[in-house]
2 protein chains.
Amino acid sequence: MKGHRFHMSFTTENYLKTIYQLTERHPATPLVRLGELAEELGVTPGTITTMIRGFDQKGLVIYKARTGVKLTKKGRDQALQVVRRHRIIESFLVEVMKMDWAEVHEDAEALEHVVSDNFLARMDEMLGFPSTDPHGDPIPSSTSELPTREHPPLCEVPPGAYKVQRVDDQEPVFLDWISENHLRPGQPFELQKVDSVTGIFTLKVSEKKAPLLLSTDIAGRIRVHPVQDPQPRI
Amino acid sequence: MKGHRFHMSFTTENYLKTIYQLTERHPATPLVRLGELAEELGVTPGTITTMIRGFDQKGLVIYKARTGVKLTKKGRDQALQVVRRHRIIESFLVEVMKMDWAEVHEDAEALEHVVSDNFLARMDEMLGFPSTDPHGDPIPSSTSELPTREHPPLCEVPPGAYKVQRVDDQEPVFLDWISENHLRPGQPFELQKVDSVTGIFTLKVSEKKAPLLLSTDIAGRIRVHPVQDPQPRI
DNA sequence: AGATTGACTTTGATTATTCAAAGAGTGATA
DNA sequence: TATCACTCTTTGAATAATCAAAGTCAATCT
Ligand SMILES: [Mn+2]
Ligand SMILES: [Mn+2]
Ligand SMILES: [Mn+2]
Ligand SMILES: [Mn+2]
């Protein structure tokens, strides 16, 4: 029994995590619409309504019929623990087990619901208590604290020097492309030009001679933070 | 999707595994009685009857009402895959993650139902494709072959020189005791005396000066294989 | 034989999760 | 304003897993 969290069902954990993620995805809107949840979770709207009403009863969410849901403190804490497990697992699979960073998300989706506190702590320890996962996503603490350093997506910044902070982790194809083009988290690069008409972003990483061109869509999935001028003259 | 086994439910996997284990536990009797299964799985007899009838339909077991069940080839193969995952996971937790061998069983019980083929293969590879787990239990192959070298329990052998082959893995307290007394799998020792009246077994491991005394009950949970005379004189 | 016992089976119900289809609310459109 | 188009809610039903309690069988004991 020791070390084994008494856990919520897979379903509940996934629902809470998804509500959290959709909340993050649209920081402007205070509530997550049920239709969006239904789509994200791949179930019918009726299912969502039923489940959400149950969560409201349990004090995990606040539910306004025909408007949306939002997590309570309790629900948010639970969600962040799932996120924490997910990200530590991903880190472990990549750093320790040397698995492909483009393929670990799926494994983490299943493992996040069954790892014991013991096992999680051991992974964390072997990793040296990382603060971000392989995709650059921050890892919540065991008390559900999340360091909130919000960085803008590449599509919203002006030309200049940056480092990749984090990238969308949902699509293996996208992650493969990121790797091939030297745009993993931590990578410094220069955004040379933004053509607002064509929506083409031109950027340069020192690892490649040719500049890299990408669309606004892709630029929206890469978050960056500015760095001081690369060669400050004395 | 790649690497993710389409799997049976947790419940089905656990039921099949348990039928397999009970079959092994009583090699004499051809069928496992439902009451024993109910007890082992901690559910009521009615539940077992219902489930087993379903498994029979699916061709996983042969069921004789009021007599018992036995696995079909298909059911046995599935069961052995669960056992394989369980034992590779236990090995990984002990050898790679340095977790306590007395505590990994429980984690393996949960993880065995969710690891992907990919992740399992990676663990196996990092371990160097072991043939037994930390408790000395043989690991079935990916095609459900199981090397059948049946070794007798200590309680059934005459005095002489032996090595520990495998020990019961279900009880942390027992495993701790095994560790403390230098009786892990692979350990050579000498069975000096068997007192059939008191049921006391006297044995000697070179690591400890004093001989070790144990009961028939405990001796039944340790399987051993004979070794050539320790110091053959030239 | 008739009664007893223990093991197993049946039945009816419950919980969690889900779907399909029909109904209702809300805002935009003509 | 009457109507549409969406989105969400309700309802009724299904599935998997489970239990409690009542019923059945077969072997054992007077
Ligand atoms: Mn992920
Ligand atoms: Mn998940
Ligand atoms: Mn085990
Ligand atoms: Mn299990």
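In the text below, chain A, chain B and the rest are named by the order of the sequence lines, each starting its count at 1.
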Fill in: B:L37 CG - C:dA7 C1' separation (whole Å)
14 Å
Discussion item. Checking the side chain of A:R122 only, and the main-chain atoms of B:M97 only, is there a donor and an acceptor separated by less than 3.5 Å?
Written reply: yes
Fill in: Interatomic distance, A:K64 NZ vs C:dG25 C1' [rounded to whole Å]
15 Å
Worksheet item: How is B:A38 classified with respect to the nucleic acid when contacts are heavy atoms under 4.0 Å: base, sugar-phosphate, or nothing?
Response: nothing
Fill in: Short N-O contact, B:E150 and B:R223, less than 4.0 angstrom
yes
Discussion item. Taking 4.0 Å as the cut-off, does a side-chain nitrogen or oxygen of B:T50 come that near to OP1 or OP2 on D:dA17?
Written reply: no
Practice prompt. Let me know the distance between CG of A:L16 and C1' of C:dT17, rounded to the nearest Å.
Written response: 15 Å
Discussion item. Any base atoms under 4.0 Å from B:G42, or only sugar-phosphate, or nothing? Heavy atoms, all strands.
Written reply: sugar-phosphate
Worksheet item: Hey, is the side chain of B:Y15 poking within less than 4.0 Å of OP1 or OP2 on D:dT18, counting only N and O atoms?
Response: yes
Worksheet item: Which part of the nucleic acid, if any, lies within contact of B:F10, taking any heavy atom under 4.0 Å across all strands shown: a base, the sugar-phosphate backbone alone, or nothing?
Response: nothing
Discussion item. I need the NE2-C1' distance between B:H7 and D:dA16, as an integer number of Å.
Written reply: 15 Å
Fill in: Listed nucleotide nearest any side-chain atom of A:T11, set C:dT17, C:dT9, D:dT9
C:dT17
Item to complete: Output yes when at least one side-chain N/O atom of A:R33 is less than 4.0 Å from OP1 or OP2 of D:dT7, else no.
Response: no
Worksheet, complete the sentence: When A:T44 and A:R66 are each assigned the nearest nucleotide of DNA chain C, the 5'-most assignment goes to A:T44
Response to the item:
On DNA chain C, more 5' by nearest nucleotide between A:T47 and B:T49 is B:T49
Worksheet item: Can you tell me if A:H86 and A:H105 form a side-chain donor-acceptor pair at under 3.5 Å?
Response: yes
Worksheet item: Over how many whole Å does the gap from B:E13 atom CD to D:dA17 atom P extend?
Response: 11 Å
Worksheet item: How is B:T67 classified with respect to the nucleic acid when contacts are heavy atoms under 4.0 Å: base, sugar-phosphate, or nothing?
Response: nothing
Item to complete: Starting from P on D:dA17, measure out to CG on B:L41 and report it in whole angstrom.
Response: 12 Å
Worksheet item: Hey, is A:R25 close enough to A:E40 for a salt bridge, meaning N to O under 4.0 Å?
Response: yes
Fill in: Whole angstrom value for the distance that separates P of C:dT17 from CD1 of A:I52
12 Å
Response to the item:
note: A:M51, atom CE; C:dT15, atom P; distance rounded to Å ~ 15 Å
Worksheet item: B:Y15 and B:F10: aromatic ring centres closer than 6.0 Å?
Response: no
Discussion item. Categorize A:G46 for me: base, sugar-phosphate, or nothing, with a 4.0 angstrom heavy-atom threshold over every strand shown.
Written reply: base
